[in-house]
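Comments concern the structure below.
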Amino acid sequence: MTGRKKVILDVDTGVDDALAIMLAVTSGQLDILGITTVSGNVSLDQATLNTCKILQLLGVSGQIPVYRGADKPLAREAIFEHRVHGADGIGGALGDMPVTKQAETEPAEDFIIRQVLAQPGEITLIMTAPLTNLARALQKCPELTQHAAEVIVMGGVVQGFGNITPTAEYNMYVDPEAAKQVLAAGFPRLTLVGLDVTRRALLSAEDIAKLRIPAIRDYVEQSTSGYRERYYERNGVQACALHDPLAVGVALNRGFVTVHDYYVDVETRSELCDGQTVCDFQNRLGKPVNAAVCLEVDAAAFLECFIDSLNQEPKKDGSH
């Protein structure tokens with residue numbers, strides 16, 4: 001299976017994480033070594049269950065192992081997003097699916113460390129959840145930064161407003177201490193896919209109608225129904241943002257986004273602004289750049305890739 005980019009996905013499987021997993025699997029371009037789960041949109045248990053359900057839906061549950069990670073942020077209480085993602089995190093879809101897949105026993109951070117050290121310079125970490133697992137891995141193994149090929153983080157917003165507080169994006173807000181550690185760790189290639197671009201990658205009912213595999217189309221339609229309603233209430237647009245799938249999209253084709261290198265930090269000690277991603281556009285702090293920040297997106301090209309990928313019959317290649 002040469003030529004496919006080796007990745008680990010780190011998820012808190014709500015609606016858009018599930019769509020990100022679906023894109024990663026159906027694209028056929030990624031060698032998914034494993035998926036790590038963390039408390040975020042939903043509890044660790046629910047995120048793990050949802051992840052297993054999505055892999056079963058895609059027919060690849062025997063090929064991609066799942067590893068449980070942190071059940072709460074590094075220093076704070078968990079904050080869930082049931083209003084957006086539904087009580088179960090995936091909008092009530094797959095509610096009656098019997099789940100046979102089980103998570104592995106190895107903790108998520110140990111799996112990340114083991115894989116990255118065993119294949120230095122080869123593994124891209126796609127993080128679409130609060131960054132607790134990666135922060136815990138870095139605490140155990142600081143040299144991880146020198147061996148990961150790239151870290152792609154769905155999180156933050158640098159030019160717009162937040163989606164959980166006026167200033168903070170959800171993943172950063174839930175565990176700002178973890179986000180601060182990851183950004184400060186010194187990864188040579190860290191890409192920040194924030195709301196600045198993900199808000200422009202929108203999935204509408206017309207887009208869903210283009211999905212040709214009935215089970216996939218029905219799942220996407222049902223799981224995003226409430227998500228699209230909430231988005232309309234807040235933003236006046238009949239669609240939902242493909243936040244997490246765009247992070248997978250960047251791993252598939254960096255040409256979907258325009259990036260600029262900046263120094264970015266995360267606020268952890270503010271009553272008003274906890275979780276805010278602060279981007280030093282004018283180099284006022286004089287610190288070395290630590291992130292490639294996505295500022296523009298070719299949303300039409302990305303959406304075409306997303307629809308085309310989900311229209312592929314999953315390849316059951318038994319690679320894992």
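- The neighbour count for Glu233 CD, taken as heavy atoms of other residues, nucleotides or ligands under 6.0 Å away, is above 12.
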Next item on the list: Any chance you could lay out the side chain to side chain contact (heavy atoms under 4.5 Å, CB included) test for Leu125 and Ile123, step after step, and finish with the verdict?
Entry: CA-CA 6 Å; Leu125 304 176; Ile123 297 177; 4.1 Å; yes
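- With respect to the salt-bridge test (charged N to carboxylate O, under 4.0 angstrom), the residues Arg114 and Glu109 do not qualify.
- Of all non-hydrogen atoms in Val174 and Pro176, the two that sit nearest each other are C-CD, 3.6 Å.
- Residues Ile208 and Leu58 share a single hydrophobic cluster, defined by chaining ILVMFWY side chains whose heavy atoms lie under 4.5 Å apart.
- One side chain, Glu150 or Thr191, offers a donor N or O that lies under 3.5 Å from an acceptor on the other.
- The structure places SG of Cys279 at 11.0 Å from OH of Tyr263, a figure rounded to the nearest 0.5 Å.
- Of all heavy-atom pairs between Ala137 and Leu144, the closest is CB-CD2, 3.9 Å.
- Atom CZ of Phe281 has more than 12 heavy atoms from other residues, nucleotides or ligands within 6.0 Å.
- Other residues, nucleotides and ligands contribute only 12 or fewer heavy atoms inside 6.0 Å of the CD atom of Glu304.
- Checking Ser27 against Ser309 by side-chain atom types alone, no donor-acceptor pair falls below 3.5 Å.
- For the atom pair CE (Met172) and CD (Glu169), the distance works out to 6.0 Å, reported to the nearest 0.5 Å.
- Side-chain contact between Val278 and Val264: absent, with no pair of heavy atoms (C-beta onward) separated by less than 4.5 Å.
- A salt bridge links Asp45 with Arg68: the distance from a Lys NZ or Arg NE/NH1/NH2 to an Asp or Glu carboxylate oxygen falls below 4.0 Å.
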Margin query: Is there a side chain to side chain contact (heavy atoms under 4.5 Å, CB included) between Leu55 and Val66? Walk through the geometry before answering.
Written below: CA-CA 10 Å; Leu55 294 177; Val66 174; 3.6 Å; yes
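- Between Phe187 and Gln146, every side-chain heavy-atom pair lies at or beyond the 4.5 Å cut-off.
- When Asp12, Thr36, Asp17, Thr13 are each tested for a side chain to side chain donor-acceptor pair (under 3.5 Å) with Thr51, only one passes: Thr13.
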Item checked: Intermediate values then yes/no, side chain to side chain contact (heavy atoms under 4.5 Å, CB included), Asn171 and Leu131 -> CA-CA 7 Å; Asn171 286 340; Leu131 291 166; over 6 Å; no
Margin query: Assess the residue pair Leu246 and Val297 against the criterion (side chain to side chain contact (heavy atoms under 4.5 Å, CB included)); give the C-alpha distance rounded to whole Å, side-chain angles, the decisive distance to 0.1 Å, and a yes or no.
Written below: CA-CA 9 Å; Leu246 186 56; Val297 60; 4.1 Å; yes
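- Clustering ILVMFWY residues whenever any of their side-chain heavy atoms sit less than 4.5 angstrom apart, transitively, puts Val193 in the very cluster that holds Leu23.
- Under a hydrophobic clustering in which Ile, Leu, Val, Met, Phe, Trp and Tyr are joined whenever their side-chain heavy atoms come within less than 4.5 Å, directly or via other members, Val42 and Ile90 fall into different clusters.
- Here the straight-line distance linking atom CG of Asp110 with atom SG of Cys141 works out to 10.0 Å at 0.5 Å rounding.
- For the residue pair Gln181 and Glu177, no side-chain donor N or O sits within less than 3.5 Å of a side-chain acceptor on the partner.
- Within the 4.5 Å cutoff, no side-chain heavy atoms of Leu242 are placed close to those of Asp16.
- Scanning all heavy atoms of the two residues, the minimum distance from Thr132 to Ala70 falls at CG2-CB, 3.5 Å.
- Salt bridge present: Lys180 and Asp265 bring a charged side-chain N and a carboxylate O closer than 4.0 Å.
- By the 30° and 60° cut-offs, the orientation of the rings of Tyr67 relative to Phe111 is parallel.
- A single hydrophobic cluster is not seen to contain both Ile307 and Leu202; linkage of ILVMFWY side chains at heavy-atom distances under 4.5 Å, directly or through other members, places them apart.
- In this structure, Asp10 CG and Thr128 OG1 are separated by 7.0 Å, a value rounded to the nearest 0.5 Å.
- Note on Phe80: it does not cluster hydrophobically with Leu44, by side-chain heavy-atom contacts below 4.5 Å among ILVMFWY residues.
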Next item on the list: Using the salt bridge (charged side-chain N to carboxylate O under 4.0 Å, His left out) rule, take Glu122 and Lys5 through it: C-alpha gap first, then chi angles, then the decisive distance, then the call.
Entry: CA-CA 8 Å; Glu122 290 188 37; Lys5 182 180 286 192; over 6 Å; no
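- Of all the heavy atoms in Gly40 and Tyr170, the pair that sits closest is O-OH, 2.6 Å.
- The distance from the CD atom of Gln276 to the OG1 atom of Thr268 is 12.0 Å, given to the nearest 0.5 Å.
- Residue Gln102 qualifies as open at atom CD: its count of foreign heavy atoms under 6.0 Å is 12 or below.
- Looking at Asp308 and Lys210, no side-chain N of the basic residue comes within less than 4.0 Å of a carboxylate O on the acidic one, giving no salt bridge.
- With hydrogens and angles left out, the side-chain atoms of His85 and Asn41 include a donor and acceptor closer than 3.5 Å.
- If you check the side chains of Asn50 and Gln46, you find a donor sitting under 3.5 Å from an acceptor.
- Taking both residues in full, the closest heavy atoms of Asp175 and Pro130 are given as CB-CB, 4.2 Å, listed atom of the first, atom of the second, then distance.
- Few gaps surround CZ on Phe306; more than 12 heavy atoms of other groups in view lie less than 6.0 Å from it.
- Across Cys294 and Val257, no two heavy atoms sit closer than the pair SG-CG2, 3.8 Å.
- Taken from OG1 in Thr224 to CZ in Arg230, the straight-line distance is 12.5 Å, to the nearest 0.5 Å.
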